[in-house]
Amino acid sequence: MTLAIAFAVPGALTTQTGGSFYDRRLVESFRALGHGVEVLTLPEGFPFPSPQATAQALSRLATVPEGMPLIVDGLAFGALPAEGLARLRARLVALVHHPLALETGLAADTADRLWRQEADALRLARHVLVPSRHTAGVLVARYGVTADRITVLEPGIDRPAPAAPRVAAGPPLILSVGLIHPRKGHDVLLDALARVADLPWQAVIAGTPQDAAHLALLRARMDEPPLAGRLRLVAGASDDARDALYRQASLFALATRYEGYGIVFNEALVHGLPILSCRTGAVPDTVPAGAGVLVEPDDPAALARALRDLLGDRARLAAMAAASARAGAALPSWRDVAMRAAGVLQGLHGGM
């Protein structure tokens with residue numbers, strides 16, 4: 001059974017963030033399976049839209065016919081007023097990558113407002129798609145979403161071309177891939193790297209800038225001793241450039257403060273990289289124990305100790321790399337993910 005699906009996203013699908021990448025690959029995989037997908041581009045500015053952007057978004061969503069499945073990316077879904085969502089005729093499906101109130105750095109009153117608004121919106125969703133068991137648990141425990149209305153759709157993976165072998169750089173390249181935003185903890189990683197400056201290494205941080213002040217802070221810190229000359233920050237790297245960095249790296253490190261899933265961990269696994277990250281959010285469920293080392297978030301001293309241990313133990317790194325490659329080989333394809341999602345949408349169609 002082929003489906004007609006509407007998929008609403010704030011801003012362009014080509015935006016280089018984990019959430020946009022997930023949305024884009026899901027849309028592409030739906031279409032590859034023969035389903036019709038209309039992408040509705042909502043205004044930018046979410047999750048803090050202007051009144052005009054809110055009105056435009058609701059007007060766009062109102063064009064979806066009665067009964068058609070309408071997937072709305074959670075960055076917009078949880079920020080839209082419940083009274084506006086309640087007037088829509090489509091079958092609403094929320095795709096929650098990361099609960100809005102859990103973003104790093106929010107003032108308490110802003111986080112509370114976002115939590116209440118998203119909880120109200122989620123009560124109107126016929127179904128909720130999430131990328132991890134952790135996010136599902138948060139929605140059940142903190143947002144009142146019943147487990148029977150949630151489906152965990154862990155991200156798929158695009159496997160690197162067999163003709164592109166790994167060629168590790170020297171000295172060892174520590175690679176960190178993630179949005180340039182305080183939540184990703186690149187500042188913590190820099191503090192940890194400064195503590196192991198006596199060891200041979202080089203590092204690259206690759207990601208899309210989303211916080212100009214944080215980007216400026218990172219650049220200034222990288223230009224100071226003992227880090228000066230040992231790090232590069234690659235803003236907005238293409239897919240090919242990022243894959244090339246994965247092939248050159250010896251270790252993947254992301255000092256994240258919170259993750260709803262973390263697609264970059266899958267990328268590291270499929271490239272057979274040992275992983276160093278933090279015990280927070282969905283990371284413990286995403287990074288296999290044998291392939292990674294996790295420390296507490298916001299602890300540069302612990303991160304530095306782990307870096308020193310790993311960089312000084314080639315046998316351990318090799319064993320972790322092998323475990324990572326095995327885990328990467330077992331990850332689902334985006335076709336698998338789209339087939340599961342289509343099954344959920346077909347169930348909604350048949351049951352209502």
Side-chain angles (χ1 to χ4, degrees), residues 15-19 98 102-107 168-238 241-242 244-246 248-260 262-265 267-268 273-281 283 287 292-312 317:
T15 302
Q16 290 184 318
T17 65
H98 181 281
L102 299 186
E103 187 56 271
T104 298
L106 294 176
L173 172 61
I174 300 166
L175 176 62
S176 187
V177 179
L179 199 67
I180 309 300
H181 183 279
R183 175 164 54 88
K184 298 299 182 178
H186 297 307
D187 54 318
V188 179
L189 177 60
L190 295 188
D191 288 343
L193 288 171
R195 295 171 188 244
V196 295
D198 57 302
L199 299 177
W201 55 262
Q202 58 180 311
V204 172
I205 294 173
T208 302
Q210 194 178 59
D211 185 304
H214 191 64
L215 176 62
L217 180 151
L218 295 179
R219 289 194 186 280
R221 183 74 178 88
M222 290 168 61
D223 289 338
E224 299 173 354
L227 300 179
R230 304 187 67 176
L231 291 105
R232 285 191 296 135
L233 197 154
V234 181
S238 68
R242 194 174 62 250
L245 289 170
Y246 276 115
Q248 296 165 22
S250 295
L251 175 67
F252 181 87
L254 184 65
T256 183
R257 292 179 166 96
Y258 184 82
E259 292 292 332
I263 288 177
V264 292
F265 295 122
E267 294 176 357
L273 282 181
I275 295 171
L276 173 58
S277 190
C278 299
R279 197 175 295 106
T280 180
V283 180
V287 177
V293 172
L294 304 182
V295 302
E296 293 304 310
D298 270 314
D299 191 340
L303 197 70
R305 287 193 295 271
L307 280 169
R308 188 174 294 278
D309 289 345
L310 292 173
L311 292 173
L317 273 183

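Side chains included, hydrogens not; waters and symmetry mates left out as well; all remaining heavy atoms used. Residues: numbered from 1 along the sequence shown.
The nearest pair of heavy atoms linking Val264 to Tyr246 is O-OH, 3.5 Å.
A salt bridge between Arg308 and Asp198 is present, with a side-chain N of the basic residue lying under 4.0 Å from a carboxylate O of the acidic one.
Thr280 has its side chain out of reach of Arg257: every pair of non-hydrogen atoms, C-beta onward, lies at least 4.5 Å apart. You'll find the side chain of Asp211 reaches within 4.5 Å of the side chain of Pro182, heavy atoms only. Between Arg230 and Leu193 there is no side-chain heavy-atom pair separated by less than 4.5 Å. Within the 4.5 Å cutoff, no side-chain heavy atoms of Phe252 are placed close to those of Glu267.
To the nearest 0.5 angstrom, Leu254 atom CG is 4.5 Å from Ser176 atom OG. For the atom pair His181 NE2 and Leu215 CG, the distance stands at 12.5 Å (nearest 0.5 Å). In this structure, the separation between CG on Leu189 and CG on Leu303 is 6.0 Å, given to the nearest 0.5 Å. Here CD1 of Ile275 is found 8.5 Å from CG of Leu294. Values are rounded to the nearest 0.5 Å. Taking CZ of Arg232 as the start and CD of Gln202 as the end, the distance is 7.5 Å to the nearest 0.5 Å. Considering CD of Glu259 and CZ of Arg183, their distance stands at 5.5 Å, rounded to 0.5 Å.
Within the 3.5 Å criterion, the main-chain N or O of Leu311 finds no donor-acceptor partner in the side chain of Trp201.
With Ile205 as the partner, the side-chain contact (heavy atoms from CB on, under 4.5 Å) test is satisfied by one option alone out of Leu175, Leu190, Ile174: Leu190. Under the side-chain contact (heavy atoms from CB on, under 4.5 Å) test applied with Arg221, the options Asp191, Leu231, Asp187 reduce to a single match, Asp191.
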